[in-house]
Amino acid sequence: MIKGILFDLDGTLINTWDLYLEAYRLTARDYLKKEFSEEEIESMKLTTEMNFINRLIPEGKRREAYQRFLKNYKKAHGNHFKGVYRGIDHMLEKLWNADYRLGLVTGKSRKALEQTHSELDLDIFEVIITNNEVSQPKPDPEGIHKAIEQMILGHNELMYVGDSIMDFQAAKDAGIYFGAALWPKNPEEIRQIKEKIQPYPTTIFLKTPEDLLSHLQKAD
């Protein structure tokens, strides 16, 4: 029986794709004097903010560049943050009222999370694991393991909800259920995700946030 739900954040609960693109673009322009296109940034398959910094910025300038990235992230937030996905607030409220224990396991940094938290009620999450609390980012399951330890729940009592193959791999390797958040995806992205993870019986596909509520009600 599922008692706790862990969520990915970016691309699952909140739409930060344009925000990150702009923050990365501004930071690259500041340090490399180059304008990266959306296609170029997307092709890098970036998993964390520091992945971007480490890949493009010389070692001696990385700490300074990360601080610049955070400033650019804050600068771009007003015009490029697209908010909480439709139905998320209702879903989280329903889960909270039904006494599900909630947590976040995100590749986002703690500092960037602090700049976005006003858009989402973080008080309902009893555990928040960011990229700063792990030595290995997703798809490594370290963040999920840390959340499990803090919540003191069994592996068969937890589900991780995320929007990427890395999220799925982290949940699978941690030995917990996975909910594939399909609501931000276009048809081709959905096809690719289903093609890669359909054989696993511990996975459910969620077209809308409401689907998670429906699944949990049926499981009870």
Side-chain angles (χ1 to χ4, degrees), residues 2 4-20 42 45-52 73 81-89 91-92 95-96 100-110 112-117 119-122 124-134 136-148 150-151 153 155 158-185 189-190 192-194 196-197 200 202-213 215-216:
I2 300 296
I5 313 291
L6 302 173
F7 290 95
D8 172 50
L9 182 59
D10 297 292
T12 298
L13 300 183
I14 59 176
N15 186 347
T16 51
W17 176 246
D18 290 346
L19 172 56
Y20 268 105
E42 185 175 5
K45 305 295 183 183
L46 301 172
T47 56
T48 67
E49 297 150 21
M50 284 308 301
N51 182 235
F52 170 80
Y73 183 93
F81 178 61
K82 302 304 182 183
V84 178
Y85 286 110
R86 183 177 180 179
I88 293 297
D89 286 334
M91 175 193 70
L92 292 176
L95 292 173
W96 173 259
Y100 284 98
R101 298 172 62 187
L102 306 178
L104 284 179
V105 178
T106 173
K108 200 179 199 72
S109 70
R110 180 68 62 169
L113 178 63
E114 290 172 357
Q115 295 182 16
T116 301
H117 80 277
E119 306 293 334
L120 189 69
D121 181 10
L122 297 181
I124 67 173
F125 300 106
E126 66 174 89
V127 173
I128 298 177
I129 306 293
T130 72
N131 193 55
N132 294 98
E133 283 77 59
V134 298
Q136 296 294 327
K138 294 178 292 185
D140 192 283
E142 180 185 354
I144 293 178
H145 284 311
K146 286 182 177 292
I148 292 172
Q150 293 185 34
M151 297 176 83
L153 288 174
H155 288 69
L158 275 168
M159 175 183 290
Y160 185 48
V161 177
D163 69 303
S164 72
I165 299 300
M166 289 190 305
D167 293 330
F168 162 70
Q169 191 64 51
K172 179 174 175 288
D173 290 348
I176 67 174
Y177 294 98
F178 180 66
L182 302 181
W183 49 84
K185 305 298 183 183
E189 290 170 332
I190 292 173
Q192 293 177 6
I193 287 176
K194 286 187 173 182
K196 292 181 179 180
I197 67 179
Y200 297 94
T202 55
T203 295
I204 60 169
F205 296 98
L206 307 169
K207 292 182 179 180
T208 69
E210 187 70 29
D211 286 346
L212 176 59
L213 299 172
H215 173 81
L216 294 172

*Quick one: do T106 and N131 satisfy side-chain contact (heavy atoms from CB on, under 4.5 Å)? Show the steps, please.*
CA-CA 7 Å; T106 173; N131 193 55; over 6 Å; no
*Can you check side-chain contact (heavy atoms from CB on, under 4.5 Å) on L182 and K194, steps first, answer last?*
CA-CA 10 Å; L182 302 181; K194 286 187 173 182; 4.0 Å; yes
*Quick one: do T116 and K108 satisfy side-chain contact (heavy atoms from CB on, under 4.5 Å)? Show the steps, please.*
CA-CA 10 Å; T116 301; K108 200 179 199 72; 3.9 Å; yes
*asked:* side-chain contact (heavy atoms from CB on, under 4.5 Å) for H215 and E210? Distances and angles first, verdict last.
replied: CA-CA 9 Å; H215 173 81; E210 187 70 29; over 6 Å; no
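Crowding of W96 atom CH2: a count of heavy atoms from other residues, nucleotides or ligands under 6.0 Å not exceeding 12.
Contact check for D18 versus K82: side-chain heavy atoms found under the 4.5 Å cut-off. Side-chain contact check for M91 versus T208: every heavy-atom pair is 4.5 Å or farther apart. W17 is listed as a side-chain neighbour of E42, based on a closest heavy-atom distance under 4.5 Å. Taking the side chain as every heavy atom from C-beta outward, F205 and I190 never approach each other to under 4.5 Å. In this structure the side chain of T130 reaches within 4.5 angstrom of the side chain of I128, judged on heavy atoms. With a 4.5 Å cut-off on side-chain heavy atoms, V105 and K146 do not count as touching. Counting heavy atoms from C-beta outward, L102 and L95 have side chains that approach closer than 4.5 Å. Between L6 and L158, some side-chain heavy-atom pair lies under the 4.5 Å cut-off.
Rounded to the nearest 0.5 Å, atoms CE (M166) and NZ (K138) are 6.5 Å apart. For the atom pair CG (L104) and CG (D8), the distance works out to 8.5 Å, reported to the nearest 0.5 Å. Separation of atoms CG (D211) and CD1 (I204) is listed at 8.0 Å; rounding is to 0.5 Å. Atom CG in D10 sits 8.5 Å away from atom CG in L19 (nearest 0.5 Å). For the atom pair L153 CG and I2 CD1, the distance stands at 9.5 Å (nearest 0.5 Å). Here the CD1-CE distance, from I5 to M151, works out to 8.5 Å after rounding to the nearest 0.5 Å.
Classified by interplanar angle (parallel below 30°, tilted 30° to 60°, perpendicular above 60°), the ring pair Y200/F168 is tilted.
For the pair W183 and I88, the tightest heavy-atom approach, listed with the atom from each and the gap, is CZ2-CD1, 3.8 Å. Minimum interatomic distance between T48 and N51 (heavy atoms only, all atoms of both residues): OG1-N, 3.0 Å. The two atoms that bring N132 and R110 nearest to each other are OD1-N, 2.6 Å, heavy atoms only. Residue P209 comes nearest to G87 through the heavy atom pair CB-O, 3.7 Å, listed as atom of the first residue, atom of the second, then distance. For E133 against E142, the heavy-atom pair with the smallest separation is O-OE2, 4.3 Å.
D163 and T12 are linked by a side-chain donor-acceptor pair at a separation below 3.5 angstrom, with hydrogens and angles left out of the test. Looking at E49 and Y73, their side chains never bring a donor and an acceptor atom within 3.5 Å of each other.
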Per-pair distances, 0.1 Å, donor-acceptor, side chain in residues 172-180, under 3.5 Å, sequence neighbours excluded:
unit_1, atom_1, unit_2, atom_2, d
D173, OD1, Q169, NE2, 3.0
D173, OD2, Q169, NE2, 3.3

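When ring centroids are compared, Y160 and F7 stay outside the 6.0 Å threshold.
The side chain to side chain donor-acceptor pair (under 3.5 Å) test applied to Q150 returns no partner, not counting sequence neighbours.
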